[in-house]
There are 2 protein chains.
Amino acid sequence: MSPRRSVADTLETRQRILERSLAIASAEGLEGLTIGRLADELGMSKAGLLGHFGTKEGLQLAVVDEAAAVFSREVPERVKQAPSGLRHLRAVCEAWVSYLEREVLPGGCFFTAATTEFDGRDGRVRDALAGMNALWRRDLRIHIRRAMSFGELPGDTDVDQLIYEIVGIMLALNHFLQLEHDAAAPARARKAIRRLLGG
Amino acid sequence: MSPRRSVADTLETRQRILERSLAIASAEGLEGLTIGRLADELGMSKAGLLGHFGTKEGLQLAVVDEAAAVFSREVPERVKQAPSGLRHLRAVCEAWVSYLEREVLPGGCFFTAATTEFDGRDGRVRDALAGMNALWRRDLRIHIRRAMSFGELPGDTDVDQLIYEIVGIMLALNHFLQLEHDAAAPARARKAIRRLLGG
DNA sequence: CCTACCGATCGGTAGG
DNA sequence: CCTACCGATCGGTAGG
């Protein structure tokens, strides 16, 4: 009476689906990710695929989680060892630029694409994306506050203004890389970050 | 033998279609703009609608042109009378911020949404979008160069760096307005522009 | 500008 | 995990 597929196999299949989904969604959007095409590319049936997620919205929410895991692995976890304060903030920004520069996902930053796609709608996917963005800004805020408390940034630094400008630099980096294939864009991003944070 | 509808009527219908299309596309994307839904909202048949543009791609290209016309009317044409040089550049940026702040289109900046949607594809729509972006950067470049020649900006100003940073500020403005409904975002955009251009 | 229609694909379900 | 199927919608065409 042993099951035909072990729990490990099931999780592995689920992971395969998510990796393929994330690549498609970063390039063609979360709505352009269709069950039929995805099943086709993975050599499985639509019903078999949907069994893992229930509905398309369930799949989309799982892809958002997977994207957050990839970003977390590529950016904050890479600089965990950096000393606290301004140096940590600089290391985070450099890892962020490097992540976009290396084009880890074929369509560039998944969150930029998905956020722009869903910001005019409502529902659970939009809420999940807004939540991820808020969490990430919270991380940035912590690093900025710490740098201020260490006297590495001026005491009257406008924290939300600094976050706004850093986000703008990264959005522009994604824009110039994806639309213009501008190889000079990462250097511009680094120069802009340096003007804000020194180094 | 007079035609049932005059040329003027035909152009008016075409304009009605484009205005509705632009509103839908700014909120739901150029691909989310479907012929059936559009025809339904306008109370006409799909065939009648498609007659004006031939194919969906023809419609999308016409919407890109219409978006450029709206942007042109709302930003550069509003500041035509501003004196040449740095004051003109500042006026352009202020009109640009104001355009996004007033949410002229329901989904925010059409070009941000459409560019992000199409940057991973190829074809005539993507090329048209890239061309519009290039034209607009050319305008900005002219104003920056003029301000430099007047001695209003340093002679060693990195022109492409400045364009990069201005674009980033506007992308961030659209992001914080659309996703976060952050009413403080326009003030942050203005502060960031002031830091770059003085005033 | 319309009606009537085409093949293809969408997300999803029944039943195993 | 599969086959077989559902109603709805997609872009587009024929013919008027």
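Sequence lines set the chain letters: A, B, ... in the order given, protein chains first and strands last, and positions in each chain run from 1.
Protein atom CG of Leu11(B) is 10 Å distant from nucleotide atom P of dC1(C), rounded to whole Å. We find that CD of Gln60(A) is positioned 11 Å from C1' of dG11(C), with the value rounded to whole Å. For the pair Asp9(B) CG and dC1(C) P, the interatomic distance rounds to 8 Å; values are reported in whole Å. Atom-to-atom, NE2 of His52(A) to P of dC2(D) comes out at 9 Å; the value is rounded to the nearest Å. Between Glu31(A) atom CD and dT9(D) atom P the separation is 15 Å, expressed in whole Å. Taking atom CG of residue Leu42(A) and atom C1' of nucleotide dC2(D), one finds them 16 Å apart after rounding to whole Å. Following rounding to the nearest Å, Leu30(B) (CG) and dG11(D) (P) show an atom-to-atom distance of 12 Å. Rounded to whole Å, atom P of dG11(C) lies 14 Å from atom CZ of Phe53(A).
With both pairing distances under 3.5 Å, dA4(C) is matched to dT13(D) as a Watson-Crick or G-U wobble pair.
Between the side chain of Glu152(B) and the backbone N or O of Leu86(B) there is at least one donor-acceptor pair closer than 3.5 Å.
Within the nucleic acid shown, Ile35(B) comes within 4.0 Å of sugar-phosphate atoms alone, with no base atom in reach, counting heavy atoms only.
Ionic pairing of Asp160(B) and Arg141(B) is present here: one or more N-O contacts between side-chain nitrogen and carboxylate oxygen are shorter than 4.0 angstrom. Salt bridge Arg37(A)/Glu41(A): present, at least one basic N to carboxylate O contact under 4.0 Å.
Expressed to the nearest 0.5 Å, how far CD1 of Ile17(B) lies from CG of Leu42(B) amounts to 6.5 Å.
When each of dT3(D), dC1(C), dT13(C) is scored by its nearest atom to the side-chain atoms of Met44(B), the top-ranked nucleotide is dC1(C). Candidate nucleotides dC10(C), dC2(D), dG11(D) were compared by shortest atom distance to the side chain of Thr34(B), and dG11(D) ranks first. Residue Ala47(B) has its side chain nearest to dC2(C) when only dG11(C), dT3(D), dC2(C) are considered. Listed candidates were dT13(C), dT3(D), dT3(C). Nearest to the side chain of Ser45(B) is dT3(C). Among the nucleotides dT13(D), dG12(C), dC1(C), the one closest to the side chain of Lys56(A) is dG12(C).
Aromatic rings from Trp136(A) and Phe71(A) are positioned such that their centres are separated by under 6.0 Å.
Taking 4.0 angstrom as the limit, Thr13(B) places a side-chain polar atom (N or O) nearer than this to OP1 or OP2 of dC1(C).
A donor-acceptor contact under 3.5 Å is formed by the side chain of Lys46(B) with the base of dG11(D).
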